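The block underneath contains the structure these notes are about, expressed in structure tokens.
What you see is a predicted model; the values in this text were computed from it and never measured.
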Amino acid sequence: PKVLEHLALNFRRDLKLGTTFYMGDLSRTSMQKKTVSSQNERIGIRFKQNDYENLTALAYALDVTPSRATALLLEASIKNSNFINDFFHNYLTTQLDGNRMKELKKVMKFINANNPYEEEISWGVMFSLIYDEMKVGTKSVPEAINEFINYWRK
């Protein structure tokens, strides 16, 4: 919802998603020409039919192509740190059992308590640390997390 609220400021057409109705305004400038970053690259993504329909509805409201709507949605999501934290916390919760999740929280608490830079480690940063420890293609996420937790237990 926070990401959509951010994007809704640029809606040129009305959009109804679920029980929420967003009002568009045709006098707003189209986001089609907005550069998402200084370097754009094409990637291939497959969506479930329902997700694609929601994406095309978003594209219509923004008055952009579905590919541009995807880029804008990704950019807005990445810049919203609460979204990223919630996403990784939920992802880790689905990948780990309750005991392992508690242990991971203890590791995170330890790292935050002993961080000399006085910055708090978020779930996104924690996942990044775990991912850095993984060898690409050699482990599943739960196995890598287990190894990460076991390392910190020592």
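- Here Phe11 pairs with Tyr22 under the ring-ring contact (aromatic ring centres under 6.0 Å, His included) rule; sequence neighbours left out.
- Looking at Asn112, its side chain does come within 3.5 Å of a backbone N or O of Ile121 through a donor-acceptor pair.
- Using the six-membered ring where Trp is involved, Phe88 and Phe127 have ring planes that are parallel, under 30° apart on the 30 and 60° scheme.
- To the nearest 0.5 Å, atoms OH (Tyr60) and OG1 (Thr65) are separated by 15.5 Å.
- Met23 forms part of a hydrophobic cluster together with Phe21, judged by ILVMFWY side-chain heavy-atom separations under 4.5 Å.
- Applying the salt bridge (Lys or Arg N to Asp or Glu O under 4.0 Å) test to every pair with at least one member in residues 84-95, sequence neighbours left out, gives no pairs at all.
- Remark: the backbone N or O of Tyr52 is paired with a side-chain donor or acceptor of Thr56 at under 3.5 angstrom.
- Checked against ring-ring contact (aromatic ring centres under 6.0 Å, His included), His89 has the following partners two or more places apart in sequence or in another chain: Trp123.
- Going from atom CG of Asp51 over to atom CD1 of Ile45 covers 11.5 Å, rounded to the nearest 0.5 Å.
- Listed by first and then second residue, the side-chain hydrogen bond (donor to acceptor under 3.5 Å, both in side chains) pairs that reach into residues 97-109 are Arg100-Glu103, Arg100-Asn146, Arg100-Asn150, Glu103-Arg153, sequence neighbours excluded.
- Sorted by first then second residue, the salt bridge (Lys or Arg N to Asp or Glu O under 4.0 Å) pairs that include residues 4-17, not counting sequence neighbours, are Arg12-Asp63, Arg13-Asp63.
- Phe47 CZ: more than 12 foreign heavy atoms inside a 6.0 Å radius.
- Looking only at distances, a side-chain donor or acceptor of Arg28 sits under 3.5 Å from a matching main-chain atom of Leu9.
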